[in-house]
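Just the heavy atoms: all of them, side chains too, but no hydrogens, waters or symmetry mates, feed the values below. Proteins come first, then strands; the chains are lettered A, B, ... in the order of their sequence lines, and each starts at number 1.
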Amino acid sequence: MTIKGIKGVKDLLPEETPRWRLIEETARRWAGLYGYREIRVPIFEVTALFARSIGASTDIVEKEMYTFPDRDGTSLTLRPEGTAGTVRAYIEHNRAADPLPQKYFYTGPMFRHERPQAGRLRQFHQFGVESFGTADPKADVEVIALLWRFLSDLQLPALTLEVNNLGYTTDREAYRPTLVAYLADRTAALCGNCQRRIETNPLRVLDCKVPECRTATENAPALADSLSDKARAYFASVLQGLNAIGIPYRQNHRLVRGLDYYCLTTFEVTTTNLGAQNAVGAGGRYDGLVETLGGPPTPAVGFAVGLERIAMMLPEGASASSEKNRTIYVAGFGERGSAAGLAALEELRRAGVIAVSDFRAGTLKAHLRQADRLGCGFSLILGDDEAQKGSAVLRNMQTKAQIETLLSSLVSQVKNSLASS
RNA sequence: GUGGGUGUAGCUCAAGGGUAGAGCGCCUGACUGUGGCUCAGGAGGCUGCGGGUUCGAAGCCCGUCACUCACCCCA
């Protein structure tokens, strides 16, 4: 029995990595343009970190974490998301004491033990940003703008931005009983899951996709109606900011995030063709989290996007710039020719020219076939005859034009040809 | 955790009880030092695995594993 990869964990083969580089480079570029700096935090942390930040009763913590004991018995967990570790690092290094705006981005693998399906894996990748220490609604606007510009730049189809106001914790605590009372009156009309949710997470009932639940909650009391003036004013400023900079959004009063730490602004960007999933990225404000994890009271906003989901949506031909036509294939054959070819390869590479060869090929025909398959712009033909003369033949693979060049002036000749093609 | 679908050549898929096939890809030759195109030839399979039914199983039955989609939940 040969060893295979783990369920829900995928290899990215060389054919696909250019698409991924395009996504990652675009993400880094936009994050940089907005003044976010990269942070790299560990891929695993003490389990308690995630339990405390994400929320002990969320699905992620209850049943989806890769948790294992360290040798001394400490419970460790592969990170299921990026915010917890970033916050931990922020606190641990006392970044609050630094007078600069604390704006971070991260990218990397996350782990959740779920049943894999389209757009959902056990090891998946996220890009995310966190803005610490700014309570101004402009910080929310900035984060949303960054998310929107980044995804728009990639030309993902049918992007929609939905925003909602969850209010302050006290607002939700005030609203919860009225919602529960409303739902309790019509449990029969709700799906089984929602009947359970009345206890565990009543707000989520509003976000249920089952049509019966949607109609049943049609006239439910809205969270928006029981928000405090302060929360309303805050959210109004966020919307005003989005209007001012031309970010199109839709208000969705039913939008509820799955993680416990969100407050005030929440948002989600959806798109099509993601199978049953439709969220590419989501985020919100989480003012209480830093304090919950033992840091000073710190306002914060952030988002995360799923890189696999972006990759699924990316137009077919999209990829980072190709290097193929700038590559020169060295066809060294025959005893002296292949020896001279090896030297030429190395010389070209040290001079900054992308140079390749297939050492399995023994004949010129086989070499040129490989050059063609690799899509190289030029081939350097170097057989025994040329080696004897101290020369080589440089062939333009498109035009078939060939020029003979001395090996002593190889690099300059090749660079000239590459530049003029 | 629950349910559906699918497992046949490197890839995409045919064959629905009677010798396992096609397209693409790969290798060789036509072209002995010139790629793509064309033509001719060739290699490649315990039909996921284990049992059962049958004279005979890729096919039917049972089990099992893998992949996949969906529920749940989420990025």
Side-chain angles (χ1 to χ4, degrees), chain A residues 1-2 4-10 15 54-55 57-64 79-83 107-128 147 151 191-194 196-197 200-201 204 207-210 256-259 267-271 274-284 302-313 329 331-334 337 358 360-387 392-402:
Chain A
M1 195 60 175
T2 54
K4 298 174 69 180
I6 297 165
K7 182 199 284 285
V9 175
K10 286 204 166 163
E15 289 76 14
I54 298 167
S57 65
T58 57
D59 277 16
I60 293 178
V61 171
E62 273 183 350
K63 50 191 189 191
E64 294 176 1
R79 63 182 187 190
E81 51 98 54
T83 300
T107 183
M110 308 294 165
F111 306 84
R112 293 182 199 172
H113 190 108
E114 303 178 272
R115 286 287 285 271
Q117 71 187 70
R120 205 175 60 191
L121 297 169
R122 289 186 174 177
Q123 175 177 330
F124 59 104
H125 297 78
Q126 287 188 337
F127 163 79
L147 172 62
L151 295 176
C191 71
N193 287 315
C194 283
R196 265 183 286 115
R197 282 176 182 143
T200 58
N201 188 355
R204 271 261 14 199
D207 200 26
C208 184
K209 290 174 216 149
V210 177
V256 177
R257 306 273 66 245
L259 283 59
F267 51 91
E268 182 172 279
V269 174
T270 56
T271 181
L274 285 178
Q277 313 333 306
N278 62 354
V280 228
F303 71 73
V305 294
L307 266 34
E308 279 79 4
R309 292 185 182 179
I310 293 177
M312 285 169 76
M313 297 313 307
Y329 184 96
F333 58 102
D358 183 347
R360 298 168 306 179
T363 64
L364 178 57
K365 187 191 189 73
H367 273 305
L368 287 177
R369 187 162 53 228
Q370 293 303 73
D372 188 48
R373 284 176 179 159
L374 289 163
C376 296
F378 288 86
S379 287
L380 187 74
I381 298 171
L382 224 177
D384 285 343
D385 295 353
E386 287 81 3
V393 173
L394 188 59
R395 176 182 177 85
N396 182 317
M397 295 300 283
Q398 273 84 53
T399 66
K400 299 184 178 187
Q402 300 193 160

Measuring only the [atom1] atom in each nucleotide, how far is [N] from [M]? A whole number of Å is fine.
N: B:rC27; M: B:rU64; atom1: P; result: 43 Å
N: B:rG48; M: B:rC13; atom1: P; result: 15 Å
N: B:rU54; M: B:rC62; atom1: C1'; result: 16 Å

Interatomic distance where [atom1] belongs to [X] and [atom2] belongs to [N] [whole Å]:
X: A:Glu15; N: B:rC11; atom1: CD; atom2: P; result: 13 Å
X: A:Lys400; N: B:rC37; atom1: NZ; atom2: C1'; result: 10 Å
X: A:Asp358; N: B:rC26; atom1: CG; atom2: C1'; result: 14 Å
X: A:Leu368; N: B:rU32; atom1: CG; atom2: C1'; result: 16 Å
X: A:Met312; N: B:rU68; atom1: CE; atom2: P; result: 12 Å
X: A:Tyr329; N: B:rG35; atom1: OH; atom2: C1'; result: 11 Å

OP1 or OP2 of [N] sitting under 4.0 Å from any side-chain N/O of [X]?
X: A:Arg79; N: B:rA75; value: no
X: A:Gln117; N: B:rC69; value: no
X: A:Arg120; N: B:rC69; value: no
X: A:Lys7; N: B:rC67; value: yes
X: A:Lys365; N: B:rU34; value: no

RNA chain B: 5'-proximal contact among A:Gln370 and A:Gly119 (nearest heavy atom): A:Gln370
First encountered from the 5' end of RNA chain B, between A:His113 and A:Thr363: A:His113
Any N/O donor-acceptor pair, A:Glu386 side-chain to B:rG33 base, under 3.5 Å: yes
Counting distance alone, no hydrogens or angles: does the base of B:rG36 have a donor or acceptor under 3.5 Å from a partner atom on the side chain of A:Arg373? no
Is A:Phe333 stacked against the base of B:rG33, taking the criterion as centroid distance under 5.5 angstrom and interplanar angle under 30°? no
Dot-bracket line, read 5' to 3' along RNA chain B, where crossing pairs take [ ] and | marks a partner on another strand, Watson-Crick or G-U under 3.5 Å: (((((((..((((....[..)))).(((((.......))))).....(((((..]....))))))))))))....
So what does [X] touch, heavy atoms closer than 4.0 Å: a base, only the sugar-phosphate, or nothing?
X: A:Ala279; answer: sugar-phosphate
X: A:Leu121; answer: base
X: A:Arg309; answer: base
X: A:Ile381; answer: base

Per [X] side chain, nearest of listed nucleotides [options]:
X: A:Glu114; options: B:rA75, B:rG35, B:rA70; value: B:rA75
X: A:Arg395; options: B:rU34, B:rA70, B:rA75; value: B:rU34
X: A:Lys10; options: B:rC72, B:rU68, B:rU28; value: B:rU68
X: A:Gln402; options: B:rC72, B:rU34, B:rA66; value: B:rU34

Can we say A:Glu114 and A:Arg120 salt-bridge, meaning some charged N sits less than 4.0 Å from an Asp/Glu carboxylate O? yes
Give the minimum heavy-atom separation between A:Pro109 and A:Gln123, together with the two atoms involved. CB-NE2, 3.5 Å
Specify the closest pair of heavy atoms between A:Gly8 and A:Pro116, including all atoms of both residues, with the distance to one decimal. CA-CG, 3.9 Å
Is the ring pair A:Phe267/A:Phe303 parallel, tilted or perpendicular, if the boundaries are 30 and 60 degrees? perpendicular
Pull out every protein N or O sitting under 3.5 Å from an N or O of nucleotides 3-7 of chain B, one pair per line with the distance.
residue	atom	partner	partner atom	Å
B:rG3	O6	A:Arg115	NH2	3.4

